[in-house]
There are 2 protein chains.
Amino acid sequence: MGTATKKTIQQLVSENSNYFQMAISVDCVIFGFDNNELKVLLIKSDLEEFHNEWSLLGDLVHLSENPDAASYRVLKEKTGLDDVFLEQVHTFGEVDRHPAGRVITIAYYSLIDIKHHKLKLSHNELHWHPVNEIHTMAFDHRKILSTCLEQLQSKVSEHPIVFNLLPEKFSLRELQTLYEAILGTKLDRRNFRKKFLMMNWLTDVNELEQNVTHRPGRLYRFKMRKHLQTTERKNAVAITY
Amino acid sequence: MGTATKKTIQQLVSENSNYFQMAISVDCVIFGFDNNELKVLLIKSDLEEFHNEWSLLGDLVHLSENPDAASYRVLKEKTGLDDVFLEQVHTFGEVDRHPAGRVITIAYYSLIDIKHHKLKLSHNELHWHPVNEIHTMAFDHRKILSTCLEQLQSKVSEHPIVFNLLPEKFSLRELQTLYEAILGTKLDRRNFRKKFLMMNWLTDVNELEQNVTHRPGRLYRFKMRKHLQTTERKNAVAITY
DNA sequence: GCAAAAGTGTTTTGCGTACACCCATGC
DNA sequence: GCATGGGTGTACGCAAAACACTTTTGC
C-alpha cells in the first residue's frame with residue numbers, strides 16, 4: 001500500500017490477501033437511569049473463559065453490514081428498541097484482546113429510557129447494573145465502559161442528550177438527579193432550574209408528579225426530543241454548577 | 001455470540017470462522033502549519049482506480065500489530081518522525097468504502113512541526129496541501145479529513161496541543177495565526193496575548209524574530225512541550241475571542 | 001518618513017456561583 | 001404539625017469581550 005507504481009485492484013487484493021483475516025465487532029454500552037442511579041445493560045459472557053464475568057452487548061459485524069447498522073441491530077435484538085440515541089466512541093484493537101483471534105471492536109454508547117423497554121430482558125442473562133458497582137468485566141469491556149462513561153460525561157456537559165434517558169414527561173428534580181448521577185457531582189437546585197428554564201428546551205405539560213410522598217413537582221416534556229439526536233452538535237451549552 | 005449456553009473458545013472460533021475475512025487499516029491525517037495555513041500531508045493514491053486523487057497516509061494493520069502501533073509506524077515511515085502527537089478519532093467501516101474488499105479503517109490525526117521533517121518528502125508523491133483547498137480525495141478520505149479537522153478544532157479550543165505544530169521557538173503572532181488558521185476565525189490580538197501570557201505556559205527565550213520586514217516579535221518556548229502530549233486532558237481551558 | 005506589526009490597559013458586560021426562605025402535599 | 005422536597009430572587013466576582021494608541025524595526 002506504499003509503493004510508487006500504480007496498482008490494479010486485483011494486484012492489491014492478491015498482494016494483501018493474508019491481511020483479510022480479522023473480525024470486527026461492535027460493543028454497545030447501553031445506559032439507563034433508574035432509582036436515581038446511572039445503569040448499564042450487561043449480559044453474562046457466553047464464553048467459558050469468562051464464565052462468571054459480565055460482558056457488554058455486542059456482536060460480530062457481518063461481512064456485508066455497516067458497523068453502525070450492526071450496533072443498531074444489537075440494540076434492537078436485545079432491547080426491542082429502535083430509533084435510539086447511539087454514538088460511536090472509540091475502537092479497541094489490541095492484538096490479544098479476544099481469545100478467539102484478532103477481533104477489533106468498535107465501541108458505541110446508547111441512551112435509552114429504562115422503563116420503556118422491559119421487553120427481552122427476562123430471558124438471556126441480561127441485567128441492569130449500577131455503573132458505580134461494576135469492577136471487573138469480560139475481555140477489555142471494563143476499559144470500554146470507562147471510556148464510554150467519560151464520553152457521556154463530556155457530551156452531556158455540552159449537548160442536551162440526557163432526555164433520551166428519561167420518560168417523555170419528567171420533573172426538574174429527576175432531570176437534575178440524572179445529571180448528578182452522570183457527572184458524579186452535586187448541583188445547585190436553583191441554578192439548575194434557572195438554567196434549564198431559560199434554555200427554553202422544556203415544555204410545561206401542566207401536570208404534576210403522582211404518588212410522591214411530598215409536594216409533587218411539575219412535569220415537563222423536552223421540546224425537540226427526536227430532533228436533537230441529530231442536531232445536538234449545534235447546541236453546545238455547558239451544564240455546570 | 002448471543003446464545004444462552006456457554007461455549008469454549010474452540011467452538012466460538014469454528015462457528016465464526018467465516019467472519020474472519022476483514023482487514024483493518026489506519027489512516028493518518030497529518031497536520032502541519034506553514035505559510036500561515038493549516039496543511040495536511042497527502043500522497044498520490046497508488047491505485048489505478050484513484051490515479052489522480054490524493055490519499056491519506058495509511059496502511060493495513062498487521063495481524064500481530066496494535067492499531068496505535070500501526071499508525072505510529074505509518075508516521076515514522078513517511079515522515080521519519082517518532083514521538084509525535086497522535087490521537088485516534090473515528091472508525092470508518094462502510095461496506096463499500098474500499099474497492100479491494102472489506103477494509104475498515106481507524107482514523108488518526110497527528111500534529112507535527114512541518115519544518116522539522118523534510119526527510120522522506122521528496123521521493124514518493126508526498127505533498128503538503130492547504131486544508132481549505134482539498135475538495136476530492138480517494139476512497140472516503142475526504143470525509144475522514146473533515147472529521148479529523150472538526151476534532152482538531154474542538155480539541156484545540158480546550159487543550160494546549162497546538163505547540164506540536166510549531167517549532168521550538170515561536171512568536172505570539174505565529175501562535176495566534178495558527179489558532180486562526182485552525183479555527184477559521186479572527187481573534188483579538190490583545191486578549192489573545194493576555195490569555196497566553198497569564199496561562200503561564202510560555203517561557204520568554206529572550207530572542208527576537210529574524211529576517212522580518214517589520215519590528216521583530218519576542219520568541220517564546222512552550223514550557224511543557226513533551227509533557228503535555230500525554231497530560232493534556234487535565235488542562236481544559238477554552239481559547240476564545 | 002513610512003509601512004507593518006509589536007506591544008500594552010481599561011472598561012463593560014454577562015455568566016457562573018453562592019445563598020435562604022416560604023409553599024404545597026402526604027402522612 | 002411535621003417532614004419532605006417544590007418553588008423562587010438577589011448579590012458578587014470573575015473572566016470574556018470590546019476597544020486605540022504608542023513603539024520599534026526595515027526599507
Side-chain angles (χ1 to χ4, degrees), chain A residues 33 35-37 153-154 156-160 166 169-181 183-221 235-241, chain B residues 33 35-37 156-160 166 169-181 183-221 235-241:
Chain A
F33 181 58
N35 193 28
N36 292 347
E37 285 180 307
Q153 290 173 333
S154 156
V156 130
S157 299
E158 297 190 323
H159 306 278
L166 291 171
K169 302 170 182 177
F170 52 87
S171 68
L172 283 175
R173 152 91 19 202
E174 288 176 287
L175 185 60
Q176 178 175 347
T177 311
L178 172 52
Y179 269 96
E180 291 176 341
L183 298 174
T185 57
K186 279 287 170 193
L187 304 175
D188 180 275
R189 206 169 89 252
R190 282 162 296 190
N191 293 334
F192 183 87
R193 301 168 76 89
K194 202 189 319 173
K195 178 137 199 169
F196 264 90
L197 294 177
M198 300 207 84
M199 285 300 169
N200 207 26
W201 289 336
L202 303 180
T203 306
D204 188 335
V205 295
N206 284 311
E207 291 177 46
L208 297 178
E209 286 178 289
Q210 301 293 323
N211 304 321
V212 286
T213 173
H214 53 78
R215 173 177 174 181
R218 306 183 74 80
L219 296 181
Y220 296 87
R221 189 200 315 273
N235 301 308
V237 183
I239 310 294
T240 50
Y241 340 128
Chain B
F33 180 59
N35 194 28
N36 292 348
E37 283 180 308
V156 131
S157 300
E158 299 190 321
H159 306 280
L166 292 171
K169 301 170 183 177
F170 52 87
S171 68
L172 282 175
R173 154 93 14 205
E174 288 176 286
L175 185 60
Q176 178 175 347
T177 311
L178 172 52
Y179 269 95
E180 291 176 341
L183 298 174
T185 57
K186 279 286 171 194
L187 305 175
D188 180 275
R189 209 168 87 252
R190 281 162 297 188
N191 292 336
F192 183 86
R193 301 167 76 88
K194 203 190 316 175
K195 176 137 199 168
F196 264 89
L197 294 177
M198 300 208 83
M199 285 298 169
N200 207 27
W201 287 337
L202 304 180
T203 307
D204 187 335
V205 295
N206 284 311
E207 291 177 46
L208 298 177
E209 287 178 289
Q210 301 293 325
N211 305 320
V212 287
T213 172
H214 54 77
R215 176 176 173 180
R218 305 184 73 81
L219 297 181
Y220 296 85
R221 189 201 315 273
N235 302 309
V237 183
I239 309 295
T240 50
Y241 337 129

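Quick note on labels: first sequence line is chain A, next is B, and so on, each numbered from 1. Please read these numbers as outputs of a predicted model, since none were measured by experiment.
- Contacts between residues 207-216 of chain B and DNA chain D, defined by a heavy-atom separation below 4.0 Å, involve Val212(B), Thr213(B), His214(B), Arg215(B), Pro216(B), listed by number.
- Here salt bridge (charged side-chain N to carboxylate O under 4.0 Å, His left out) pairs that include residues 169-178 of chain B, with residues two or more places apart or in two chains, are Lys169(B)-Glu207(B).
- Comparing dC19(C), dT10(D), dC19(D) by their nearest atom to the side chain of Asp188(A) picks out dC19(C).
- The distance between atom CZ of Phe196(B) and atom C1' of dA15(D), rounded to the nearest whole Å, is 16 Å.
- Note: Phe196(A) and Tyr179(A) meet the aromatic proximity criterion, with ring centroids under 6.0 Å apart.
- A side chain to side chain contact (heavy atoms under 4.5 Å, CB included) with Phe170(A) holds for exactly one of Leu219(A), Thr177(A), Leu178(A), Leu202(A); it is Leu202(A).
- Between the CG atom of Asp204(B) and the C1' atom of dT8(C) there is a distance of 15 Å, rounded to whole Å.
- Between the Asp188(A) side chain and the Arg190(A) main chain, a donor and an acceptor come within less than 3.5 Å of each other.
- The base of dA4(C) has none of its N or O atoms less than 3.5 Å from a complementary donor or acceptor on the side chain of Arg173(B).
- Atom NZ in Lys194(A) sits about 9 Å away from atom C1' in dG16(C), given to the nearest Å.
- For the pair Arg193(B) and dT8(C), the criterion of a side-chain N or O lying under 4.0 Å from OP1 or OP2 is not met.
- Separating the CG atom of Leu197(A) from the P atom of dG6(D) is a distance of 13 Å, rounded to the nearest angstrom.
- For Arg190(A), whose side chain is taken as the heavy atoms from C-beta onward, the closest listed nucleotide among dG7(C), dC19(C), dA18(D) is dC19(C).
- A straight line from CZ of Phe192(B) to P of dA16(D) spans 13 Å, rounded to a whole angstrom.
- Partner of Tyr220(B) under the side chain to side chain contact (heavy atoms under 4.5 Å, CB included) criterion, out of Leu166(B), Asn206(B), Leu197(B): Leu197(B) alone.
- Fit an axis to the five pairs at each end of the helix from dG1(C)-dC27(D) to dC27(C)-dG1(D) and the two axes sit 10° apart, to the nearest 10 degrees.
- Here the P atom of nucleotide dT8(D) and the CZ atom of Arg189(A) are 10 Å apart, to the nearest Å.
- The separation between Phe170(B) atom CZ and dA6(C) atom P is 14 Å, rounded to whole Å.
- With hydrogens and angles disregarded, a donor-acceptor distance shorter than 3.5 Å links the side chain of Glu180(B) to the backbone of Leu187(B).
- For dT17(C), its base never sits under 3.5 Å from the side chain of Lys195(A) at any donor and acceptor pair.
- Note that CG of Leu175(A) and CH2 of Trp201(A) are 9.5 Å apart. Values are rounded to the nearest 0.5 Å.
- A distance of 8.0 Å separates CD in Gln176(B) from CZ in Arg193(B), rounded to the nearest 0.5 Å.
- When rounded to the nearest whole Å, the span between CG of Asn191(A) and C1' of dG7(D) equals 14 Å.
- Not a single donor-acceptor pair, N or O on each side, falls under 3.5 Å between the base of dG6(D) and the side chain of Arg218(A).
- Two residues are said to be in side-chain contact when any heavy atoms from C-beta on lie closer than 4.5 Å; Leu183(A) and Val156(A) meet this criterion.
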